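The model shown is predicted, which means the values in this text are computed figures rather than measured ones.
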Amino acid sequence: MTDIREFIRAASGREAKATLAVCGGRLVNVVSEEIYQADIAVYGNRIIAVGDISDHIGPDTEIVDASGKYLCPGMIDGHLHVECSKLSITSFAKAVVPLGTTSIVTGLDQIIVVGGPAAAREFLDEAKQTPLKVFWGAPCKTPYTMPRSTVGHYFGPADHAATHHWPECVGIWETVREFIQEEDPDVMKALEIAEKSRLPVLGCCPMTRGARLNGYQQARVRADHESYSPEEMLEKLRAGMHVVVRESSISHFLSDNLRIVTEMGVKALRRISFCTDDVVASDILVRGHLDNMVRMAIAMGISPMAAIQMATINGTDALRIDEKVGSISPGRSADILVVNDLREFRIEAVIANGAVAARDGKMAVELSPPPRSEALLRSIKVAPISVDDIAVPYQGEGNSARAMAIAVTPEKVFVRTKREVTLPVRNGRVLADLDQNIQYVTVVERYGKTQHRPVAFTSGFGLKAGAMASSTAPDDNNIICVGTSPEDMTVAINHLIANNGGQVVVKDGEILEFLHLPIGGIVSDIEPQEMAAIEGRLDDAARSLGCDLPWPFMYMFVLQITAIPDYAITDLGVIDCVKLTVTSPILEPNLEPSLEQGRAVAAE
């Protein structure tokens with residue numbers, strides 16, 4: 001790391017000359033909201049001068065000719081579960097840096113539940129070898145599920161005390177509303193530690209308004225990325241929050257959320273920033289990343305300046321890291337985008353950390369992933385399951401039973417409702433009914449801590465045959481499987497166990513498609529283009545079985561998220577996300593566990 005005194009001397013024109021200079025471009029100054037001719041001098045990884053930089057040019061200065069182009073700050077994704085891309089940090093950098101994303105903010109919560117802080121440290125150290133800066137939010141706790149599901153590592157107060165000094169740590173990540181509402185003792189302690197560490201609290205409060213929002217705000221949450229309507233977003237803005245617009249691969253909220261600007265007259269645009277939350281390679285390579293969000297905002301009538309601010313300085317303001325990134329200013333990281341036209345917003349070149357990292361949509365430097373620890377390569381520690389494990393027992397009489405299915409629809413992304421159905425009973429087991437679009441769903445605890453593998457029903461996947469399974473499944477990354485028969489589900493789950501993770505589609509006992517995810521069972525070092533190709537084949541295989549959801553695997557793996565109503569499934573069983581209790585998939589006879597039973601299971 002270059003000593004600060006060396007930067008001071010270089011910026012003052014003493015001793016060292018600029019290592020790189022960007023000349024001839026028009027600067028998009030997101031701080032003063034001006035566009036004007038200016039050159040940029042870079043020394044090492046920092047900007048040392050903007051404007052007339054003639055005194056900083058030396059014989060060894062690399063010159064980047066930006067004549068006729070615009071110069072914008074590198075963009076920052078304000079909230080991203082990077083592991084949900086199924087790409088390692090190195091591979092993800094290859095996907096997004098050519099598109100102008102030079103920084104991300106992530107909790108690394110998905111790898112933490114697998115391998116703890118040591119695994120997060122591996123990923124953060126990996127990022128240092130790429131052009132992509134990774135800012136880290138310490139998860140409020142892991143997992144985020146309520147009641148608490150089984151994971152490899154429970155991130156708690158002791159971890160907060162041990163990691164807040166990490167240089168990448170910028171706040172408390174994903175502070176789920178239910179934890180505040182229920183006054184979770186671990187989260188309360190984490191907030192106390194955060195206050196002493198002077199770290200901001202970053203939220204997660206979907207569909208939270210009125211009194212619930214007032215109570216939630218007592219945790220002094222600085223920013224939130226979960227608004228399901230412009231009215232909800234406006235209420236949060238009025239309550240003092242920085243609001244973060246989400247446009248992920250599965251949830252498309254930008255056009256609706258930004259109506260607070262285009263239709264509802266909000267002028268406080270500097271309190272609005274961008275994030276993608278959960279994105280996959282096949283979507284990034286088609287639509288883009290934050291650059292796509294900028295183009296979408298401009299197409300809605302928002303000025304290019306305001307749209308670029310939402311992708312740059314607004315997010316850094318919200319996170320209190322604007323002295324490091326977010327603008328083209330002296331002392332900031334030298335992350336600069338060369339853009340052809342502000343309305344088209346196509347990135348022609350990317351300078352990251354003071355070096356040209358990408359040109360014309362392709363990386364300009366070679367990136368190689370680091371060696372992986374054995375702990376992450378051997379993270380699935382459960383024995384193979386048997387066909388008899390995939391069953392919903394029935395204690396009643398007769399040849400049919402009233403049951404509930406966790407219903408998903410493409411119209412209500414993430415939201416899972418209760419669908420009551422009558423299902424056939426045979427040999428003491430309740431069966432799925434494909435004619436009613438009812439399939440089995442199971443979660444297999446994969447850390448070797450329990451024998452939990454509950455089976456329930458889901459509706460909306462449309463499968464007529466076979467099964468699909470995934471070992472990447474936030475928030476706990478236990479193996480989740482949706483299928484039409486216990487036989488195919490067993491083959492799918494055991495294939496993931498045998499290969500230490502991935503995603504798979506099975507029909508008639510045969511593997512149709514398989515994506516290997518060997519790092520923690522959730523990510524891979526393969527190239528983004530290869531990942532996109534396999535994702536496409538996986539989705540096509542799922543559709544060949546009858547699934548007509550736009551993103552079959554993403555709809556499946558979010559079934560374990562309990563922070564979003566109404567129902568989920570974890571290794572504890574079906575979760576009523578409103579009552580925060582375990583419930584039974586069988587409605588008659590009344591076998592629904594009591595509150596005490598649910599708490600006992602959660603505490604196991």
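Between Phe155 and Trp136, the ring planes lie perpendicular to each other; the angle is over 60°, past the 30° to 60° tilted range. Using cut-offs of 30° and 60° for the angle between ring planes, the Tyr228 and Phe253 rings count as tilted.
Scanning both residues, Phe553 and Ser470, for their nearest heavy atoms gives CD2-CB, 4.3 Å. Closest heavy-atom contact between Asp291 and Met75: N-CE, 3.7 Å. Among all heavy-atom pairs drawn from Ile284 and Val96, the shortest one is CD1-CG1, 4.1 Å. When all heavy atoms are compared, the tightest approach of Pro384 to Ile497 is CA-CD1, 4.1 Å. Looking at every heavy atom in both residues, Ala281 comes nearest to Leu87 through CB-CD1, 4.2 Å. Nearest heavy-atom pair, Tyr567 versus Val574, reported as atom, atom and distance to 0.1 Å: CD2-CG1, 4.2 Å.
Considering only heavy atoms from C-beta on, Cys275 stays 4.5 Å or farther from Glu247 through its side chain. Counting heavy atoms from C-beta on, the side chains of Ile104 and Leu132 come closer than 4.5 Å. Residues Glu174 and His81 are in side-chain contact: their nearest non-hydrogen atoms beyond the backbone lie under 4.5 Å apart. For the pair Ile390/Thr490, a side-chain contact is recorded, criterion being any heavy-atom separation below 4.5 Å from C-beta on. The shortest distance between side-chain heavy atoms of Leu559 and Ile406 falls below 4.5 Å. Within the 4.5 Å cutoff, side-chain heavy atoms of Arg295 are placed close to those of Asn292. Side-chain contact between Phe92 and His289: present, with at least one pair of heavy atoms (C-beta onward) separated by less than 4.5 Å. Residues Leu512 and Val506 form no side-chain contact, since every pair of their non-hydrogen atoms from C-beta on lies 4.5 Å or further apart.
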Working for salt bridge (charged side-chain N to carboxylate O under 4.0 Å, His left out), residues Arg209 and Glu232: CA-CA 7 Å; Arg209 303 181 66 177; Glu232 178 186 348; over 6 Å; no
Stepwise side-chain hydrogen bond (donor to acceptor under 3.5 Å, both in side chains) test for Ser248 and Asp277: CA-CA 6 Å; Ser248 76; Asp277 205 356; over 6 Å; no
Trace of the side-chain hydrogen bond (donor to acceptor under 3.5 Å, both in side chains) decision for Ser88 with Asp525: CA-CA 5 Å; Ser88 68; Asp525 280 321; 2.7 Å; yes
Audit row: Glu445, Thr450, side-chain hydrogen bond (donor to acceptor under 3.5 Å, both in side chains) steps and yes/no: CA-CA 7 Å; Glu445 188 275 300; Thr450 72; 3.1 Å; yes
Derivation of the side-chain hydrogen bond (donor to acceptor under 3.5 Å, both in side chains) call for Ser149 and Asp476: CA-CA 7 Å; Ser149 55; Asp476 48 30; 2.8 Å; yes
Derivation of the salt bridge (charged side-chain N to carboxylate O under 4.0 Å, His left out) call for Lys141 and Asp184: CA-CA 10 Å; Lys141 70 178 291 183; Asp184 182 275; 3.0 Å; yes
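For the pair Asn478 (side chain) and Thr150 (backbone), a donor-acceptor distance under 3.5 Å is present. A donor-acceptor contact shorter than 3.5 Å is absent between the side chain of Thr562 and the backbone of Leu580. Between the side chain of Glu122 and the backbone N or O of Arg372 there is no donor-acceptor pair closer than 3.5 Å. A donor-acceptor contact shorter than 3.5 Å links the side chain of Tyr216 to the backbone of Cys204. A donor-acceptor distance shorter than 3.5 angstrom exists from the side chain of Thr106 to the backbone of Leu80, with no hydrogens or angles considered. Tyr440 places a side-chain N or O within 3.5 Å of a backbone atom of Ala432 that can act as its donor or acceptor partner. Side-chain atoms of Lys449 come within 3.5 Å of backbone atoms of Val151 as a donor-acceptor pair (strictly under, hydrogens ignored). For the pair Gln503 (side chain) and Leu515 (backbone), a donor-acceptor distance under 3.5 Å is absent. At least one donor-acceptor pair closer than 3.5 Å links the side chain of Asp77 to the backbone N or O of Thr276. Panel note: side chain Asp389, backbone Ile385; no donor-acceptor pair is recorded below 3.5 Å.
For the residue pair Asn399 and Glu397, no side-chain donor N or O sits within less than 3.5 Å of a side-chain acceptor on the partner. Checking Asn500 against His516 by side-chain atom types alone, no donor-acceptor pair falls below 3.5 Å. Side-chain polar atoms of Gln110 and Thr472 form no donor-acceptor pair below 3.5 angstrom. Using a 3.5 Å distance cut-off with no hydrogens or angles, the side chains of Thr442 and Arg453 do not pair a donor with an acceptor. Side-chain atoms of Asp109 and Trp173 include a donor-acceptor pair closer than 3.5 Å.
Taking CG from Leu431 and OH from Tyr394, the interatomic distance works out to 12.5 Å, rounded to the nearest 0.5 Å. Remark: Met489 CE to Gln439 CD distance equals 9.5 Å, nearest 0.5 Å. Between the OG atom in Ser227 and the NZ atom in Lys236 there is a gap of 3.5 Å [rounded to 0.5 Å]. Atoms CZ and CG, from Phe457 and Leu423 in turn, are 5.0 Å apart once rounded to the nearest 0.5 Å.
Note that Arg148 lies in the cation-pi zone of Tyr154, set by a 6.0 Å cut-off to the ring centre and a 45° limit from the axis.
Summarising the local packing, CD of Gln451 is surrounded by 12 or fewer heavy atoms from other residues, nucleotides or ligands at distances under 6.0 Å. By the neighbour-count criterion of 12 heavy atoms within 6.0 Å, atom CD of Glu374 is densely surrounded, having more than that number from other residues, nucleotides or ligands.
Under a 4.0 Å N-O distance rule, the pair Asp488/Lys507 does not qualify as a salt bridge. Look at Arg429 and Asp388 and you find a salt bridge, because one of the NZ, NE, NH1 or NH2 atoms lies within 4.0 Å of a carboxylate O, short of that distance. Look at Glu226 and Arg246 and you find a salt bridge, because one of the NZ, NE, NH1 or NH2 atoms lies within 4.0 Å of a carboxylate O, short of that distance. Checked for salt-bridge contact, Asp540 and Arg537 miss the test: no charged N lies under 4.0 Å from a carboxylate O.
Applying side chain to side chain contact (heavy atoms under 4.5 Å, CB included) to Arg416 and the options Asp566, Ile575, Ile564 leaves one that passes, Ile564. Checking Cys140, Cys205, Pro139 one by one against Thr175, the side chain to side chain contact (heavy atoms under 4.5 Å, CB included) holds for a single residue, Cys140.
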